[in-house]
Amino acid sequence: MHEEKEIDETKQGEALMLEKPENGNGKKLFLESYGCAMNFSDSEIVASILKDKGFSTTQDFFEADVIFVNTCAIREGAEQRVRKRLTEYRKAKKTNPDLIIGVLGCMAERLKSQFLEEEKLVDIVVGPDAYRSLPELIEIAETGQKAVNVLLSKEETYADIAPVRLGSNGVTAFISITRGCDNMCAFCVVPFTRGRERSRDPETIVNEAKELFEQGYKEVTLLGQNVDSYLWTGGGLKKENPSAEELAGATTFAQLLEKVALVNPDLRVRFSTSHPKDMGDDVLYMIAKYDNICKYVHLPVQSGNSRILEMMNRGYTREWYLNRIAAIRRIIPEAAISMDIITGFCSETEEEHKDTLSLMEEVKYEFGYMFAYSERPKTLAERKYKDDVPAEVKSRRLAEIVDLQLKHSALRTKEGVGKVHRVLVEGVSKKSKEELFGRNSQNTVVVFPKKDYKKGDYVNVLVTDCTGGTLIGKSID
Ligand code: SAH
Ligand code: SF4
Ligand code: F3S
């Protein structure tokens with residue numbers, strides 16, 4: 001998700017394209033996404049809904065009839081980026097006064113109709129659970145009125161909508177398995193922007209994976225804010241105390257992983273995000289059982305100090321977290337592990353920051369995604385605690401954590417040298433047309449000479465060298 005690995009919440013927006021529909025209405029859509037993989041996956045649902053209504057897409061917003069921007073609210077910086085982008089759309093509105101501008105996603109849900117007051121050029125505000133109403137909202141906006149739908153749902157999973165794969169490499173794809181989040185981490189805006197947690201019917205997930213494989217895709221990433229919490233008991237909100245009968249017919253995340261792994265041994269399965277409080281050994285044994293379930297666990301820790309974790313309402317201590325790391329190492333010894341960390345959360349002392357550094361030393365993560373704490377309106381932390389760590393302290397602590405992670409990433413990457421890695425090719429290397437790049441099971445990027453290989457092939461690569469986070473080698477088949 002970050003760069004070639006994962007989509008970063010802070011990544012610049014991307015204009016997404018869909019093929020021209022057969023029953024075109026002549027109207028052009030410019031669709032851009034910010035935020036996490038879930039947002040990119042949602043944009044594929046939005047594209048599907050609008051394609052059905054005859055829209056085609058453009059990569060030039062000056063020729064668009066409708067501009068949609070799918071937004072992120074996770075940190076203040078993410079929102080500022082969207083606001084800046086809106087000022088650029090303003091230029092297009094000057095040349096085309098009929099242009100409709102819609103704001104989708106988490107920032108839309110957070111600000112609701114207040115968005116219309118703050119940003120006069122916006123015509124439509126729509127939250128993540130209301131995308132089915134987009135055609136209607138466009139019709140309202142076409143009459144010159146403003147249109148808002150920010151209703152959150154207890155059932156919506158868009159399970160019946162076949163996403164249009166946008167900006168795709170034709171090899172890897174996302175599949176949403178849950179929506180929303182019930183966790184209420186004190187710093188986090190997601191429960192407010194995406195509502196309550198709902199699991200999606202496993203049959204529709206497996207069918208989507210099958211269709212993707214038939215279309216030539218070789219890897220799916222199952223997406224949820226907390227995949228371990230996935231539980232299908234027939235739909236709607238997660239049951240507090242499911243009856244024995246309900247549980248007997250239920251599907252857990254471990255069982256879902258198995259169902260998707262069984263679609264085909266040549267379809268790789270990834271998943272994100274695991275939650276330390278809910279990730280059980282059953283999930284780890286399932287990862288170990290199937291070669292095509294990737295040996296990679298993204299396990300955000302946020303802090304290495306139990307007092308801060310308690311304040312964050314994460315539901316685990318440092319010891320619990322390290323016990324989960326030990327379980328991964330025991331059950332899947334070859335697994336790569338990555339994390340998210342927040343520095344400078346309310347009242348964090350220097351000692352507590354050092355606990356985060358020492359936890360990193362213990363784990364030596366392969367990758368990490370690190371952020372300075374950004375206070376979000378309405379969250380528990382905003383209401384209960386003071387955002388009292390000075391900005392310069394936050395960023396100094398962040399720099400220390402980033403430096404240490406760079407060291408660990410380099411160390412872990414080096415461990416891959418001298419070994420053979422099974423690589424799924426995703427495309428031609430950015431640096432040289434004569435080289436391909438892909439990832440190994442552990443999610444590390446591997447670059448090697450092209451020969452006759454192509455996108456979508458599995459290639460055994462003997463790694464002979466590395467730079468920072470990338471492995472370099474030669475095919476041996
Ligand atoms: N559901 C995932 C996280 C989704 S948000 C989980 O529980 O792990 C992705 C990451 O953004 C979080 O893991 C956290 O590290 C970071 N983040 C979330 N809210 C933040 C805030 N207010 N300030 C800084 N970073 C934040
Ligand atoms: Fe936010 Fe916590 Fe839910 Fe992750 S688990 S989305 S950090 S509330
Ligand atoms: Fe951002 Fe919403 Fe994802 S706040 S990180 S786009 S769930």
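Both ligands and their constituent atoms are indexed starting at 1 by order of listing.
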- When rounded to the nearest 0.5 angstrom, what distance separates NZ in Lys93 from CD in Glu88? 16.0 Å
- Message: Checking Asn70 against Asp42: is there a side-chain donor and acceptor pair closer than 3.5 Å?
- Response: no
- Asp340 N/O to ligand 1 N/O under 3.5 Å: yes
- Whether over 12 other heavy atoms sit under 6.0 Å from Glu415 CD: yes
- Task: Return yes when Cys36 approaches ligand 1 closer than 4.0 angstrom through a heavy atom, no otherwise.
- Result: no
- Any side-chain donor-acceptor pair under 3.5 Å between Gln215 and Glu211? no
- Note on the structure: Value for CZ (Arg165) from CZ (Phe174), rounded to nearest 0.5 Å, stands at 10.0 Å
- Query: So how far is it from Ile328 CD1 to Leu284 CG, rounded to the nearest 0.5 Å?
  - Reply: 6.0 Å
- Note on the structure: ligand 3 atoms nearer than 4.0 angstrom to some heavy atom of Arg194 are 2 (Fe), 7 (S)
- Grab the two heavy atoms, one from Thr172 and one from Tyr217, that are nearest each other, plus how far apart they are. O-CE2, 3.6 Å
- Can you list the ligand 1 atoms lying under 4.0 Å from a non-hydrogen atom of Gln302? 8 (O), 12 (C), 13 (O), 14 (C), 15 (O)
- Message: Just to check, does Ala73 reach to within less than 4.0 Å of ligand 3 when the distance is taken from its heavy atoms?
- Response: yes
- Query: Quick one: does ligand 1 sit under 4.0 Å from the side chain of Ser374, the backbone, both or neither, non-hydrogen atoms only?
  - Reply: both
- Note on the structure: Checking heavy atoms under 4.0 Å, the part of Arg194 that sits near ligand 1 is neither
- Query: Taking atom CG of Leu404 and atom CE of Met370, what is their separation to the nearest 0.5 Å?
  - Reply: 9.5 Å
- Side chains of Ser409 and Gln405: is there a donor and an acceptor less than 3.5 Å apart? yes
- Task: Step by step, work out the side chain to side chain contact (heavy atoms under 4.5 Å, CB included) result for Phe115 and Glu109.
- Result: CA-CA 9 Å; Phe115 218 125; Glu109 187 67 49; over 6 Å; no
- Query: Going by atom types alone, do Tyr89 and Glu32 pair a side-chain donor with an acceptor below 3.5 Å?
  - Reply: yes
- Query: At a 4.0 angstrom heavy-atom cut-off, what protein residues surround ligand 2?
  - Reply: Cys181, Asn183, Met184, Cys185, Phe187, Cys188, Val190, Pro191, Gln225, His275, Arg314
- Here the atoms of ligand 3 under 4.0 Å from any heavy atom belonging to Asn39 are 6 (S)
- Task: Give yes or no for whether the N/O distance cutoff of 3.5 Å, strictly under, is met between Gln225 and ligand 1.
- Result: yes
- Using heavy atoms and a threshold below 4.0 Å, how should the contact between Cys185 and ligand 1 be classified: side chain, backbone, both, or neither? neither
- If you measure from each non-hydrogen atom of Phe371 to ligand 1, which part falls under 4.0 Å: side chain, backbone, both or neither? side chain
- What residue pairs, at least two apart or across chains, pass ring-ring contact (aromatic ring centres under 6.0 Å, His included) with a residue in residues 338-357? Phe345-Tyr373
- Message: Less than 3.5 Å apart, any donor N or O on the side chain of Arg318 or Ser358 sitting next to an acceptor on the other?
- Response: yes
- Between the side chains of Glu361 and His408, does any donor sit under 3.5 Å from an acceptor? yes
- Task: Return the option from Arg75, Arg376, Met312 holding the heavy atom at the smallest distance from atom 25 (N) of ligand 1.
- Result: Arg75
- Query: Quick one: which ligand 3 atoms are inside 4.0 Å of a heavy atom on Cys72?
  - Reply: 1 (Fe), 4 (S), 5 (S), 6 (S)
- Item | Contacting atoms of ligand 3, where contact means under 4.0 angstrom from a heavy atom of Gln225 | 7 (S)
- Query: Near Thr273, which atoms of ligand 1 are under 4.0 Å from a heavy atom of that residue?
  - Reply: 8 (O)
- Query: Looking only at side chains, do His298 and Ser338 share a donor and an acceptor under 3.5 Å apart?
  - Reply: yes
- Does Phe187, backbone or side chain, put an N or O under 3.5 Å from an N or O of ligand 1? yes
- Counting heavy atoms only, which part of Val190 comes closer than 4.0 Å to ligand 1: side chain, backbone, both or neither? neither
- Task: Could you tell me whether any N, O or S atom belonging to Cys106 is less than 2.8 Å from atom 2 (Fe) of ligand 3?
- Result: yes
- Task: Please indicate whether any nitrogen or oxygen in Arg314 is less than 3.5 Å from any nitrogen or oxygen in ligand 1.
- Result: yes
